[in-house]
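First the structure, in the form of structure tokens, and then the observations on it.
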Amino acid sequence: MARTPDPKKAYLELHGGTWRVTVSVPVAVRRALGATKLVHNLGTDSLREANVLKRKHVERFKRRIAEAMEAVGRPGVDDMKIAVEFSKIAEELKRKGSAEDWQEFQEAVYERHAEIRWKDARWVRVEDPEEGPNEIEEALPEQTEKAMLFSAISHGRATPVDLMHEDYRKQLFVKDRTRADDARALRLLQEWCKRERIPATLQEIDVRRAHAFADALVEMTGLHHVTLNKYIGRLSGYWQWMVPRTAAVSGNVFANVRLKGPKEKHDQKERPFKDSELADLLLGPAPPKLRDLMLIGALTGARLDAIVDLKVRDTAYNCFLFKPQKQEASARYVPIHPDLVELVARRTAGKRPEDDLFPEWPPVKKADSMRERSFKASNRFTEYRRSVGVDEVVAGKRRSLVNFHSFRRWFSSRMEQAGVPGEMISAIVGHKRSSITLDVYSEGPHMRAARRAIAKLKLPPLDGSPIRDEMTLRPRAHSR
């Protein structure tokens, strides 16, 4: 690799007995400027005088190059992407390149290295014992670091942490929100590297630094340890995926990294609705679009996003067809409860199969939004739930112990109390552990059993009569 020039002779070249200013022209704009370097003869044989005269010409040449760069569309170029491309070229040259090819490659890398290093450089006055006062160009420390990283990546000595991340995310079968978690987790790691002045490369992230990053997350974000462990888990998945795919990773450095938090007490766990709370919700002044969501949630155990995403065609065969959620491998059928027949008939009347069952809760309009379709419905339900006094807040917990998911918990607990086998409950609500598959086409014994099981579920009285909530074996600290 070419060496950094002597500061005393930076941008200077002795030619025919006199000094001249020379500034190399990047390959991208050589055709536009018609030269490989810009030259101005200073007309002096004194190095001291040449150093005094050169500054205005160097700055003039750099302005010309910058304008040419802008004209050919090079502003804001991603240096790390260029470095990655160079690293691929280096690999190829190591296998079958000639000495001349390698020399040309080295010069191209150093040329870009110099561009990065001397970007926004400052001119400083120095006292030279031999030449006297002089002005030299001084690179910014952060630009020098970027230049060194650029060269390391270009030569294959370093690999950016995000080099394979897009390929990793493409092969994930997860929600957009989980993909966003992957992106944010990596962004947090890169921010931490920048803060700690550590190159954000795979070679620099070892087990010790993985733990140090995790320890810094609470202070960096202020988020709950459960949320942060989710991000650490996303990084662990990425590292594990890379192990067999790149020599830059020898093992999963995040495999055993976890943040510990205070142990959750029993009376601080999210819970099902009580029958009295369910009645308060269904008897309150909820608009039809919200009351219908609550009824389906209570009588199917489905998650909110799966409900608002239903189409008219998803109510065929007297079943709901819910899209896969969380760890579910495929969509699942759930028999329509007798108390939901009128609701479904009302919402499907006069509609086409591809129409939404809940047009009142449309998808998010912003194309790049990671929010689920249920975002607004969830917020509206939370406001309504609080307005009718159904709430349980514990100090230090971000969420109430009751939320829309409490319909799902109520469904499972009441089905269990009705004597429905656990395997059948799991099949209906979509738990991974169930071995039962509900198929509407053959209407086999499992589906017939599921219809009988669903019919056993009874809503609490909705005529205003008193409701006695069942006692549990463990008292709650915040009972209603």
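Each residue takes its place number in the sequence, starting with 1. Predicted, not measured: the structure shown is a model, and the values here were computed from it.
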Near [X] [atom1], under 6.0 Å, is it more than 12 heavy atoms from other residues, nucleotides or ligands?
{"X": "Q190", "atom1": "CD", "value": "yes"}
{"X": "R352", "atom1": "CZ", "value": "no"}
{"X": "K94", "atom1": "NZ", "value": "yes"}
{"X": "N256", "atom1": "CG", "value": "no"}
{"X": "E59", "atom1": "CD", "value": "yes"}

Practice prompt. In sequence, state the C-alpha distance, the side-chain angles, and the governing distance for R399 and H224, and then conclude on side chain to side chain contact (heavy atoms under 4.5 Å, CB included).
Written response: CA-CA 11 Å; R399 298 206 319 173; H224 193 275; over 6 Å; no
Fill in: With sequence neighbours excluded, residues passing salt bridge (charged side-chain N to carboxylate O under 4.0 Å, His left out) with K170
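Expected list: none.
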Worksheet entry | Partner set under salt bridge (charged side-chain N to carboxylate O under 4.0 Å, His left out) for E191, not counting sequence neighbours |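 Listed in chain order: nothing, the list is empty.
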So does [Y] get a backbone contact from the side chain of [X], meaning a donor-acceptor N/O pair under 3.5 Å?
{"X": "T246", "Y": "M242", "answer": "no"}
{"X": "R179", "Y": "L172", "answer": "yes"}
{"X": "R385", "Y": "V390", "answer": "yes"}
{"X": "D167", "Y": "M164", "answer": "no"}
{"X": "R258", "Y": "N229", "answer": "no"}
{"X": "T144", "Y": "L140", "answer": "yes"}
{"X": "T315", "Y": "V312", "answer": "yes"}
{"X": "Y384", "Y": "R291", "answer": "no"}
{"X": "H165", "Y": "L186", "answer": "no"}
{"X": "Q203", "Y": "T159", "answer": "yes"}

At their closest point, which heavy atom of [X] faces which heavy atom of [Y], and how far apart are they?
{"X": "L149", "Y": "P199", "result": "CD1-CB, 4.2 Å"}
{"X": "S87", "Y": "I153", "result": "CB-O, 3.1 Å"}
{"X": "V218", "Y": "L259", "result": "CG2-CD1, 4.3 Å"}
{"X": "V257", "Y": "A214", "result": "CG1-CB, 3.4 Å"}
{"X": "V161", "Y": "Y238", "result": "O-OH, 2.6 Å"}
{"X": "D314", "Y": "D309", "result": "OD2-O, 4.3 Å"}

Using a 4.5 Å cut-off on heavy atoms from C-beta on, say whether the side chain of [Y] contacts that of [X].
{"X": "I65", "Y": "L38", "answer": "yes"}
{"X": "Y231", "Y": "L189", "answer": "no"}
{"X": "F322", "Y": "V429", "answer": "no"}
{"X": "R271", "Y": "E392", "answer": "yes"}

Practice prompt. Applying side chain to side chain contact (heavy atoms under 4.5 Å, CB included), run through W241 and V249 and close with a yes or a no.
Written response: CA-CA 10 Å; W241 179 83; V249 173; over 6 Å; no
Worksheet item: Checking side chain to side chain contact (heavy atoms under 4.5 Å, CB included) for the pair W361/I307: CA distance, chi angles, key distance, verdict?
Response: CA-CA 10 Å; W361 306 108; I307 299 173; over 6 Å; no
Worksheet item: Knowing that exactly one of R117, K62, K54 qualifies, which makes a salt bridge (charged side-chain N to carboxylate O under 4.0 Å, His left out) with E137?
Response: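 One option only clears the test, and that one is K62.
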Parallel, tilted or perpendicular: which fits the ring planes of [X] and [Y], with parallel below 30° and perpendicular above 60°?
{"X": "Y110", "Y": "H113", "value": "parallel"}
{"X": "F213", "Y": "F254", "value": "perpendicular"}
{"X": "F61", "Y": "H57", "value": "tilted"}

Going by an N to O cut-off under 4.0 Å, is there a salt bridge joining [X] and [Y]?
{"X": "D356", "Y": "K311", "result": "yes"}
{"X": "E270", "Y": "R409", "result": "yes"}
{"X": "R95", "Y": "E92", "result": "yes"}
{"X": "K323", "Y": "D305", "result": "yes"}
{"X": "E360", "Y": "R380", "result": "no"}
{"X": "E115", "Y": "K119", "result": "no"}
{"X": "R169", "Y": "E166", "result": "yes"}

Practice prompt. Start with the C-alpha distance between R60 and R63, add both sets of side-chain angles, then the distance that settles side chain to side chain contact (heavy atoms under 4.5 Å, CB included), and finish with yes or no.
Written response: CA-CA 5 Å; R60 174 168 59 88; R63 282 195 300 272; 3.9 Å; yes
Discussion item. Just by distance, no angles: are the side chains of N403 and S400 close enough, under 3.5 Å, to form a donor-acceptor pair?
Written reply: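 Distance-only check fails for N403 and S400.
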Fill in: R303 and E372: CA distance, side-chain angles, deciding distance, salt bridge (Lys or Arg N to Asp or Glu O under 4.0 Å) verdict
CA-CA 12 Å; R303 295 181 176 90; E372 295 177 330; over 6 Å; no
Practice prompt. With rounding to the nearest 0.5 Å, note down the distance linking OH in Y317 to CE in M447.
Written response: 11.0 Å
Worksheet item: Does the gap between the ring centers of H155 and F105 come in under 6.0 Å?
Response: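 When the ring centroids of H155 and F105 are compared, they turn out to be within the sub-6.0 Å range.
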Practice prompt. Using the salt bridge (Lys or Arg N to Asp or Glu O under 4.0 Å) rule, take K88 and E85 through it: C-alpha gap first, then chi angles, then the decisive distance, then the call.
Written response: CA-CA 5 Å; K88 295 175 183 176; E85 291 305 312; 3.4 Å; yes
